[in-house]
2 protein chains.
Amino acid sequence: MSNSPHITEAESEVMKLLWQKEPLSASEIISKLSDQMSWTDQTIKTFLNRLHKKHAIRFEKAGRNYLYFSLVSQEEYLKTENRSFLDRVYNGAVGMLFTKFLEEETLSEKAIEELQQLLEKKKKS
Amino acid sequence: MSNSPHITEAESEVMKLLWQKEPLSASEIISKLSDQMSWTDQTIKTFLNRLHKKHAIRFEKAGRNYLYFSLVSQEEYLKTENRSFLDRVYNGAVGMLFTKFLEEETLSEKAIEELQQLLEKKKKS
DNA sequence: AAATATCGTTTACACCCGTAAACATAGTAC
DNA sequence: GTACTATGTTTACGGGTGTAAACGATATTT
């Protein structure tokens, strides 16, 4: 259970693709990201390599193609990022974090109702 | 309305002090942070200097002492940090962010009720 | 078998950031 | 006015990160 490696912002764009659909071939990853991010193929290959080195992804050879799989789940990633953000910016005060986001962001009525249900559920545990 | 400068994690420790009580003298800042963060005085002086250069703080001379004032409010800082975190990690989906934090963090009953009130208020606008 | 395409690997480079030493300046004390 | 003190300013340096070129290896095509 090695704790998740640190995934940088740029690297996370690769991970986000894999979390949506897995596996993906190198060419799929490269073509999507060179569009979305305006990165050259070389840049994307660097990220794939770094992610591989830190065991955040793995790949399999299939003939002349390579298939990529994530080794770090989005759950783990979000958990780590949430924690560090919460501590860094709010000194761990979740209540304050919620309050601030509620002040600043707009939520659809539906979203609000979903949150209210979540809170009700939470109350009972 | 120049948009807020980027304040790094280490620098934010200085700002947090100023947001609590303002102004503070250099010696107050240095003594508090060398304790809390185990930084040398030189390190802290670097942060003060960088914050000054990017117009996040200002200072006034008072004899041989210097008094520091923040130029970036905590509100602005939180707003910026929240936005960038939300976009970077959640692609702007606030609802998902709330859901994830609710899953992971424990909230006191009182905190939950406060949030419920906030949500009710929010509904009406 | 030689050429080509598809990848991985190595190396590079500049900027940011945490950390800090060294130097400069201006009050204060003696 | 000379030494000391409190502080700002300049310079440094290594590691992380975004960005990428150059090189290498292997499978497909011809």
Side-chain angles (χ1 to χ4, degrees), chain A residues 4-18 23-69 71 77 80-81 84 87-89, chain B residues 4-18 23-69 71 77 80-81 84 87-89:
Chain A
S4 335
H6 179 238
I7 293 167
T8 72
E9 178 167 4
E11 288 163 3
S12 81
E13 295 299 330
V14 176
M15 299 304 290
K16 283 178 189 170
L17 288 186
L18 288 176
L24 290 175
S25 68
S27 59
E28 286 174 306
I29 294 175
I30 289 174
S31 89
K32 285 194 188 182
L33 289 182
S34 41
D35 278 12
Q36 288 172 30
M37 301 288 124
S38 316
W39 288 335
T40 68
D41 53 341
Q42 294 299 337
T43 299
I44 298 162
K45 284 196 272 182
T46 299
F47 297 145
L48 287 172
N49 191 245
R50 287 183 183 166
L51 285 168
H52 183 232
K53 270 190 185 156
K54 59 176 85 162
H55 306 293
I57 61 175
R58 68 183 178 86
F59 55 82
E60 280 173 16
K61 227 177 194 166
R64 78 177 153 180
N65 287 330
Y66 285 68
L67 293 179
Y68 285 86
F69 301 78
L71 285 177
Y77 170 75
T80 306
E81 290 301 313
S84 79
D87 288 343
R88 177 169 63 82
V89 179
Chain B
S4 335
H6 178 238
I7 292 167
T8 72
E9 179 166 3
E11 288 163 3
S12 80
E13 295 298 331
V14 177
M15 299 303 290
K16 283 179 189 169
L17 288 186
L18 288 177
L24 290 175
S25 68
S27 60
E28 285 174 307
I29 294 175
I30 287 175
S31 89
K32 285 193 188 182
L33 288 181
S34 43
D35 278 13
Q36 287 171 32
M37 301 287 126
S38 314
W39 287 334
T40 68
D41 55 340
Q42 293 301 333
T43 299
I44 298 162
K45 284 196 272 181
T46 299
F47 297 145
L48 287 172
N49 191 245
R50 286 182 183 166
L51 285 168
H52 183 232
K53 271 191 185 155
K54 58 176 87 165
H55 305 293
I57 60 176
R58 68 183 178 83
F59 54 81
E60 279 173 17
K61 225 175 193 166
R64 76 178 154 178
N65 287 328
Y66 285 69
L67 292 180
Y68 284 87
F69 301 79
L71 285 177
Y77 170 74
T80 305
E81 290 301 314
S84 79
D87 288 343
R88 178 169 63 82
V89 179

A:Lys45, nearest nucleotide to its side chain (from D:dA27, C:dT9, D:dA6)
C:dT9

Between atom CD1 in B:Ile44 and atom C1' in D:dT7, what is the gap in whole Å?
13 Å

Nearest-angstrom distance from the residue atom CD1 of B:Ile29 to C1' of D:dT7:
12 Å

Per atom distances to the B:Gln42 side chain, the nearest of C:dA21, D:dT19, D:dT10 is C:dA21

Side chain of A:Lys53: nearest nucleotide among C:dT10, C:dG18, D:dT17?
C:dT10

A:Tyr66 and A:Glu60: side-chain contact (heavy atoms from CB on, under 4.5 Å), yes or no, with the steps?
CA-CA 6 Å; A:Tyr66 285 68; A:Glu60 280 173 16; over 6 Å; no

In whole angstrom, what separates A:Phe47's CZ from D:dG16's C1'?
12 Å

Nearest-angstrom distance from the residue atom CZ of A:Arg50 to C1' of D:dA20:
10 Å

Nearest to the side chain of A:Ser27 - C:dC7, D:dT19, D:dA6?
C:dC7

By nearest atom, which of the nucleotides D:dT9, C:dA20, D:dG18 is closest to the B:Thr40 side chain?
C:dA20

Sugar-phosphate only, base, or nothing, as touched by B:Glu9 at under 4.0 Å among non-hydrogen atoms
sugar-phosphate

Sequence neighbours excluded and cut-off under 3.5 Å, please list the side-chain donor-acceptor pairs for residues 41-50 of chain A, or say none.
residue: A:Thr43; atom: OG1; partner: A:Thr40; partner atom: OG1; Å: 3.1
residue: A:Thr46; atom: OG1; partner: A:Gln42; partner atom: O; Å: 3.1

Would you classify A:Thr8 as touching base, sugar-phosphate or nothing, given that sugar-phosphate means primed atoms plus P, OP1 and OP2, and contacts are heavy atoms under 4.0 Å?
sugar-phosphate

Please work out if A:Thr43 contacts a base, only the sugar-phosphate, or nothing of the nucleic acid, heavy-atom cut-off 4.0 Å.
base

Under 4.0 Å between any heavy atoms, over every strand shown, what does A:Asn65 touch: base, sugar-phosphate, or nothing? Just pick one.
sugar-phosphate

OH of A:Tyr66 versus P of D:dT26: gap in Å, rounded?
8 Å

Could you check how far NZ of B:Lys54 sits from C1' of C:dC15, rounded to whole Å?
13 Å

Ignoring the backbone of A:His52, work out which of C:dT9, D:dG18, D:dT7 is nearest its side chain.
C:dT9

Among the nucleotides D:dT17, D:dT19, C:dC7, whichever has the atom closest to the side chain of A:Ala26 is C:dC7

Which nucleotide wins on minimum distance to the side chain of A:Asn49, given the candidates D:dA27, D:dA6, C:dT9?
C:dT9

Side-chain contact check for B:Arg64: nearest option of D:dT28, D:dA20, C:dT28 is C:dT28

May I have the distance from B:Leu33 (atom CG) to C:dG18 (atom P), rounded to whole angstrom?
13 Å

Please state whether the phosphate of D:dT19, meaning OP1 or OP2, lies under 4.0 angstrom from any side-chain nitrogen or oxygen of A:Trp39.
yes

With nearest nucleotide decided by heavy atoms, which residue, A:Ala10 or A:Ala62, maps closer to the 5′ end of DNA chain D?
A:Ala10

Are any of the side-chain heavy atoms of A:Leu24 and A:Leu17 separated by less than 4.5 Å?
yes

Partners passing side-chain contact (heavy atoms from CB on, under 4.5 Å) against B:Ile7 (at least two apart in sequence or in another chain):
B:Glu11, B:Ser12, B:Met15, B:Leu51, B:Ala56, B:Val72, B:Tyr77

Kindly say if B:His6 contacts the phosphate of C:dC16, meaning a side-chain N or O under 4.0 Å from OP1 or OP2.
no

Using 0.5 Å steps for rounding, measure from the CE atom of A:Met37 to the CD atom of A:Glu13.
4.0 Å

Atom-pair distance (CD on A:Glu11; C1' on D:dG16), nearest Å
10 Å

Are A:His6 and A:Thr8 close enough that some pair of their side-chain heavy atoms sits under 4.5 Å apart?
yes

